[in-house]
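Below you'll find the structure, written out as C-alpha cells, and then a few comments.
Computed over heavy atoms, backbone and side chain alike; hydrogens, waters and symmetry mates excluded. All values reported here derive from a predicted model rather than from experimental measurement. Reminder, nothing fancy here: chain letters follow the sequence lines and each chain counts from 1.
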There are 2 protein chains.
Amino acid sequence: MANSRQAVRGREAAKPARVSRAQRALILKALADPRRFELLQQIAKAGCPLGCAQARAALPISAATLSHHIKELETAGLIDVRREGKFHYLSLRVGVLASLAAGLSALEPASAPGR
Amino acid sequence: MANSRQAVRGREAAKPARVSRAQRALILKALADPRRFELLQQIAKAGCPLGCAQARAALPISAATLSHHIKELETAGLIDVRREGKFHYLSLRVGVLASLAAGLSALEPASAPGR
DNA sequence: GAATCAATTCGAGAGTTATCGAAATGTCGA
DNA sequence: TCGACATTTCGATAACTCTCGAATTGATTC
C-alpha cells in the first residue's frame, strides 16, 4: 500500500535501510505511546505471529483501542498484519527498528560517520 | 536534579546504560516531535555547545516555543544546558541515544539476546 | 438466511501538547 | 540605576490523540 522500497539487498546481511524523515516521525510517534510500545514488545517477544486475542490478553484495553494501536503500528511500518479470515496476526517487521536505531546512534559524536 | 545513575561503569567502554521504562517514554516523546528532533540534530551536528541564537536561526519558531522544546529535551535527559550568564548553551548528552538505540535493536529477533 | 464471533469504524469525552504574544525575570554594560 | 538584550513564564487557543461504548462490517457455522 505504501512502501515498496525494501528487501532488495545484495549480500551484506545487517545493513539497515535508511528511513525518511516522515517515516521516522511516524515511527517515533508510534513508539512514544507506552501501551503501543508494550504491544510491540509483546509482538516482538512472541516468536510467531501474535493473534489479536493474545494481544488483548496482554493489554488491558478495549478491542476498539487495540484496533487503533494496531493501525498506528502498521502505518508506521513497524508491524505486518496478516489477515486470515476472521483472525488477524501481528508480526514484527524486521529491519525497521534496526534502521531507526542506526539513525539515532549516528547522531552521537562517538560514532563518527566518517568511519 | 533527577538522575544520578550514570557513569559508574567498570571497564568496557561503549556498553550503553539501560534506560527505565519511564525515561524511555520521555525520550521517545521528545524525539517524536519533528521540530524537536530537528533541534536535536542541530545540537548534535554542531561539535561545540550550541547557543540559543543559533538554534533560533535554524528553526522558524518563536523564542517561547524554543524555550519549551529545550526544556522537553532537557527533561528527557537528551541534552545538557549550560547556563552562562545571559546565554544558554545546548549540548548533546552522549550515551542516551545510544542506550535507546540499543534497547530498540534488542527487540529485533535477529539480535537474539540469548547470546 | 440467521446466529455468532472477530475486528473495524463511528461519535464523543477527556487529556495532552504545540504554538504564540505579552508580561516577567535575569544579566550585562553604560 | 537605567536600558537593552536573552530567556522564561503565563494565559489562551487550536489541534491532536487516547480511550471507550455502540454500531457496523466481514467471516464462519448451523
Side-chain angles (χ1 to χ4, degrees), chain A residues 1-2 21-43 46 48-91, chain B residues 1-2 21-43 46 48-91:
Chain A
M1 198 155 298
R21 226 193 315 238
Q23 194 176 357
R24 183 182 56 214
L26 267 179
I27 296 174
L28 284 170
K29 207 132 56 147
L31 294 175
D33 183 86
R35 298 227 216 229
R36 220 143 46 202
F37 195 94
E38 205 168 341
L39 173 57
L40 192 71
Q41 275 184 314
Q42 295 290 336
I43 297 173
C48 51
L50 199 72
C52 284
Q54 299 165 58
R56 277 205 70 187
L59 261 52
I61 57 179
S62 76
T65 303
L66 176 61
S67 183
H68 164 63
H69 284 320
I70 288 175
K71 197 199 298 188
E72 292 293 303
L73 289 176
E74 191 184 16
T75 302
L78 280 166
I79 64 171
D80 280 320
V81 182
R82 200 179 71 227
R83 284 151 229 266
E84 203 160 299
K86 195 155 61 157
F87 302 93
H88 295 191
Y89 296 96
L90 318 173
S91 57
Chain B
M1 196 154 303
R21 228 193 314 238
Q23 194 177 358
R24 182 183 56 213
L26 266 179
I27 296 173
L28 285 170
K29 208 131 56 143
L31 294 174
D33 183 86
R35 298 224 215 230
R36 221 143 45 203
F37 194 94
E38 205 169 340
L39 173 56
L40 192 71
Q41 275 184 314
Q42 295 291 335
I43 296 173
C48 50
L50 199 72
C52 283
Q54 296 164 272
R56 276 205 70 186
L59 262 52
I61 57 179
S62 74
T65 303
L66 176 62
S67 181
H68 164 65
H69 285 319
I70 289 175
K71 197 198 298 188
E72 292 292 305
L73 289 176
E74 191 184 16
T75 301
L78 280 165
I79 65 172
D80 280 321
V81 182
R82 200 180 70 228
R83 283 150 229 268
E84 203 160 299
K86 194 155 60 156
F87 302 93
H88 295 192
Y89 296 97
L90 318 172
S91 58

SB check A:Arg36 A:Glu74 (cutoff 4.0 Å):
no
In whole angstrom, what separates A:Glu74's CD from C:dT8's C1'?
12 Å
In the structure I gave you, are the side-chain heavy atoms of A:Leu39 and A:Ile70 within less than 4.5 Å of one another anywhere?
yes
Rounded to whole Å, please give me the gap between CG in B:Leu39 and P in C:dT19.
11 Å
Side chains of B:Ile61 and B:His69: does their closest heavy-atom pair fall under 4.5 Å?
yes
A side-chain contact here means heavy atoms from C-beta on lying under 4.5 Å apart; do A:Ser91 and A:Arg82 qualify?
no
Rounded to whole Å, please give me the gap between CG in B:Leu28 and P in C:dT17.
14 Å
Taking the side chain as every heavy atom from C-beta outward, state whether A:Arg21 and B:Pro34 have any atom pair closer than 4.5 Å.
no
Indicate for each nucleotide in nucleotides 17-24 of chain D, in 5' to 3' sequence, whether protein heavy atoms under 4.0 Å reach the base (B), only the sugar-phosphate (S), or nothing (-).
SSBBB---
What is the distance, rounded to the nearest whole Å, between atom CG of B:Leu31 and atom P of C:dA18?
12 Å
Euclidean distance, atom CD of residue A:Gln54 to atom P of C:dA6 [Å, nearest integer]
13 Å
Side chains of B:Arg24 and A:Phe37, heavy atoms from C-beta outward: is any pair under 4.5 Å?
yes
Check the phosphate of C:dT25 against B:Lys86, side-chain N and O only, distance under 4.0 Å to OP1 or OP2. Yes or no?
no
Contact under 4.0 Å: A:Arg83 side-chain N or O vs C:dA6 OP1/OP2
no
Nearest-Å distance, CZ (A:Arg56) to C1' (C:dA6)?
10 Å
In whole Å, I'd like the distance from the CG atom of B:Leu50 to the P atom of D:dA6.
15 Å
